Amino acid sequence: MSTSTDARRARAYLQHAAEPSDAVLARYVAEVGPVDAANHLAAGTAPTDVQDHCRRDASWQLADTRLKTAASLSARFVIPEDDEWPTAAVAGLSTPATDSEDLGGPPLGLWVQGESRLDELAAAPTIAIVGSRAATAYGEHHAAELAYGLASQGVPVFSGAAYGIDGAAHRGALAADGVTVAVLGCAIDLGYPAGHVGLLDRIARSGGAVVSEYPPGTPPARHRFLVRNRLVAALTTATLVVEAGRRSGARHTARLAGKLGRPVLALPGPVSSTTSAGCHQLIQDGTAHLVTSVDDVLAVIKDRDDAHTEPETGRPCR
């Protein structure tokens, strides 16, 4: 009989075998369990379609090294076999109705640094605040103010730790002595982006969390930030876009939130601002609720929480 230790080690191995969001591998793990899936891959006896999606150089030694690296950082590898796993929050990532190239498969595990427990965050109203890296003073001001107001009301604020809107949202929540969570598109041990190393450390030490689907040593890459966006959307009650161009990572996060059945909100900006053009389009086409204040945001996420939405598409009942 496998133990949680076996499962943890197996999932760390599987994260080296393929990108953590690989839907083919995720389905195989769901079918046979992580320990058998890892053993079959190591022995070369996994189904051909699964092996075709996986690297040939997956290493048990590297899996052990990554687990030791996390422990040295006072971080933990949270897996579906743990009580802390946010089951309802990530359920939408594994349903046939939402299975798509954008959403990928459910996480094999999440590397977490900080005090916040994922299961407790998933049981409360939360907000993702996302937007442009090349933010304007208008956008950064309102992102920080909204994050401050929401965190003051006990609402955890999630974002991606990037420059611009993300950083402003994290700083606003910290200024309110609130909980904020940074979801990364690379490993938690790489200190990326370099200018936010201090910010990430504050988040982890101030009752929040730094979270990544990627094991220690995994460098940032464009496709990994896009994959990260689905976790930002899945782990939160709603996604608020503060500034975004017509084609942007923030709009991508909003689209994924919509696929998962989560509310999308957008802050309008100056009509002449190209940085707010994506927000205006989201509002105009009916994808997003127009919000201008903390009360507007609270009205949406509190209604969402009170609606007792089925776990497959929304937050768990409280």
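Just so it is clear, the model here is predicted, and its values are computed rather than measured.
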Quick one: are [X] and [Y] in side-chain contact, heavy atoms under 4.5 Å?
X	Y	answer
R171	H196	yes
L14	V29	yes
E19	R55	yes
T45	N39	no
H142	E243	no

*Have a look at V297 and tell me which of L265, T292, L267 forms a side-chain contact (heavy atoms from CB on, under 4.5 Å) with it.*
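For V297, the side-chain contact (heavy atoms from CB on, under 4.5 Å) check succeeds only for L265.
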Residue pair [X] / [Y]: nearest heavy atoms and the distance that separates them:
X	Y	value
L73	Q113	O-NE2, 2.8 Å
S116	L121	CB-CD1, 3.8 Å
I127	A238	CD1-O, 3.4 Å
L190	P219	CD1-CA, 3.4 Å
V179	A173	O-CB, 4.3 Å
L200	A161	CD2-CB, 3.7 Å

_Full working for side-chain contact (heavy atoms from CB on, under 4.5 Å) between E84 and R76_ = CA-CA 11 Å; E84 186 183 348; R76 59 197 185 276; 2.9 Å; yes
From [X] atom [atom1] to [Y] atom [atom2], the distance as rounded to the nearest 0.5 Å:
X	Y	atom1	atom2	result
L260	L103	CG	CG	5.0 Å
Q153	I301	CD	CD1	9.5 Å
D189	W111	CG	CH2	9.5 Å

_Can you see whether Q51 engages R56 through a side-chain donor-acceptor pair at a distance of less than 3.5 angstrom?_
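The answer is yes; a qualifying pair exists.
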Between the side chain of [X] and the main-chain N/O of [Y], is any donor-acceptor distance below 3.5 Å?
X	Y	result
R251	R246	yes
T218	P215	yes
Y148	A143	no
T253	G249	yes
S159	A169	no
R11	L108	yes
S212	C186	yes
T180	L174	no
S293	D296	yes
D22	L25	yes

*Plane angle bin for F225 and Y192 - parallel if under 30°, tilted between 30 and 60°, otherwise perpendicular*: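 Rings of Y192 and F225: tilted, as their planes differ by 30° to 60°.
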*Parallel, tilted or perpendicular: ring planes of Y28 versus H40, cut at 30 and 60 degrees*: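 Y28 and H40: tilted rings.
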*Considering only NZ, NE, NH1 and NH2 on the basic side and carboxylate oxygens on the acidic side, decide whether R117 and D83 come within less than 4.0 Å.*
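Salt bridge between R117 and D83, a charged N being under 4.0 Å from a carboxylate O: no.
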_Between the side chains of E115 and R205, is the shortest nitrogen-to-carboxylate-oxygen separation below 4.0 Å, so that they form an ion pair?_
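Salt bridge: no.
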*Would R262 count as a cation-pi partner of F158, with NZ or CZ less than 6.0 Å from the six-membered ring centre and within 45° of the ring normal?*
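Negative - R262 is either too far from the ring of F158 or too far off its axis.
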*Between R224 and Y214, is NZ or CZ placed under 6.0 angstrom from the six-membered ring centre and within 45° of the ring axis?*
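Checked: cation-pi criterion met.
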_Membership question, hydrophobic clusters at under 4.5 Å side-chain separation (ILVMFWY): are V211 and V232 in the same one?_
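In one cluster: yes.
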